[in-house]
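Since the structure comes first, as structure tokens, the remarks are kept for the end.
Letters A, B, ... mirror the listed sequences (proteins, then strands); counts begin at 1. For the numbers below, each heavy atom of this structure counts, side chains included, while hydrogens, waters and symmetry mates do not.
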Number of protein chains: 2
Amino acid sequence: MQDLEDELAKQLWAIGDVTRLRILRMLPDSANCEHGNNVSQIAEKLGLAQPTISHHLRVLRQAGVVQHKKMCRDCFYWVDRDAAKDIIERLGQLLGGDESVEVLGL
Amino acid sequence: MQDLEDELAKQLWAIGDVTRLRILRMLPDSANCEHGNNVSQIAEKLGLAQPTISHHLRVLRQAGVVQHKKMCRDCFYWVDRDAAKDIIERLGQLLGGDESVEVLGL
DNA sequence: CAAACGTATAGATGAATTTATATATTTAAA
DNA sequence: TTTAAATATATAAATTCATCTATACGTTTG
């Protein structure tokens, strides 16, 4: 239970950053590299240096929020759907009390 | 849209802390002071100083995650249900893509 | 093989956060 | 009114974080 709480806190903290939120919005929700941006493209679109984006992606990766795969020279990232579902479920239970179960339809 | 993103990041960041997560678990989901702990009781149960808890509650309050009310000498806090619902909805849209709408039943 | 490209890592710096101590404010009780 | 209790605020010290620059590593291409 303690570990779950630490993990949830880590995940929420990782998501709770404007830059990382913007990165997440640019990522596909599956390993579909056709519609994904590589790290440098994300950096350019957000007006930040490439190592900065790489750092934030690492934070998201270590929190288990995103997955990544290297294709040729590029690295593509996408949102881990199972992790996302877990986060939303736990957050609902934590914040919404009993009613969250209804809202989430779980 | 920018403001909404900033607000969401702030709220998620506020929740993404182990101490604040533990505090939230102790708060009722409505202004029901009968089942709530005051600030000092929370501090004692978590083994932290009262000003520390007061500080964290202030963070949660400024993020709009909790509401509070002074009863006699004590302050009682509870989770803001509307804010909680907003957070979960937005997070679902952000992380889950289109499917989140189904998961959330919205 | 060498040059170019994409990414990750390391080091440095300024800013923000956490925690505790001390002080102040408000409220209830004696 | 005086005293005690509960909470909030201010300050300070240590830690942590976001960002940048520079560099290293692996891969592709000429």
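- Between the CD atom of Gln50(B) and the C1' atom of dT18(C) there is a distance of 16 Å, given to the nearest Å.
- dT9(C) atom C1' lies 15 Å from atom NE2 of His56(A), rounded to whole Å.
- When atom types are taken as modelled, the side chain of Arg20(A) and the backbone of Ala14(A) share a donor-acceptor pair closer than 3.5 angstrom.
- With a 6.0 Å radius and a threshold of 12 heavy atoms from other residues, nucleotides or ligands, Glu44(B) has its CD atom at or below the threshold.
- Running 5' to 3' along DNA chain D, contacts with non-hydrogen atoms of chain B at under 4.0 Å begin and end at dA5(D) to dT9(D).
- A pairwise comparison of heavy atoms in Val39(B) and Ser54(B) identifies CG1-N, 4.2 Å as the closest pair.
- Phosphate proximity of dT19(C) to His55(B): absent, as no side-chain N or O sits under 4.0 Å from OP1 or OP2.
- One interatomic measurement links the two molecules: CD of Glu44(A) to C1' of dC5(C), which rounds to 14 Å at whole-angstrom precision.
- For Asp74(A), counting side-chain heavy atoms from C-beta on, the closest listed nucleotide (dT9(C), dT17(C), dG6(C)) is dG6(C).
- Between the P atom of dT27(C) and the NZ atom of Lys70(B) lies a distance of 5 Å, rounded to the nearest Å.
- Between Leu95(A) and Ala84(B), the shortest heavy-atom distance links the atoms CB-CB, 3.7 Å.
- The backbone N or O of Val59(A) lies less than 3.5 Å from no partner atom in the side chain of Gln62(A), so there is not a single donor-acceptor pair.
- Residue Asp17(B) contributes atom CG, which lies 10 Å from atom C1' of dT17(C) at whole-angstrom precision.
- Taking each heavy atom of Leu24(A) and Val79(A) in turn, the nearest pair found is CD2-CG2, 4.1 Å.
- Panel note: side chain Gln41(B), backbone Asn38(B); a donor-acceptor pair is recorded below 3.5 Å.
- The phosphate of dA4(C) has neither OP1 nor OP2 within less than 4.0 Å of any side-chain N or O from Arg73(A).
- Rounded to whole angstrom, the span from the NZ atom of Lys69(A) across to the P atom of dT7(C) amounts to 15 Å.
- Note that the CD atom of Gln11(B) and the CD1 atom of Ile87(B) stand 4.0 Å from one another [nearest 0.5 Å].
- Closest-nucleotide positions on DNA chain D for Thr19(A) and Cys72(A) were compared, and the one nearer the 5' end corresponds to Thr19(A).
- Criterion: ILVMFWY side-chain heavy atoms under 4.5 Å apart, direct or through other members. Under it, Leu60(B) and Trp13(A) are not part of a common hydrophobic cluster.
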Quiz item: What dot-bracket string describes DNA chain D from 5' to 3', counting Watson-Crick and G-U wobble pairs whose defining distances are under 3.5 Å, with [ ] for crossing pairs and | for pairs to another strand?
Solution: ||||||||||||||||||||||||||||||

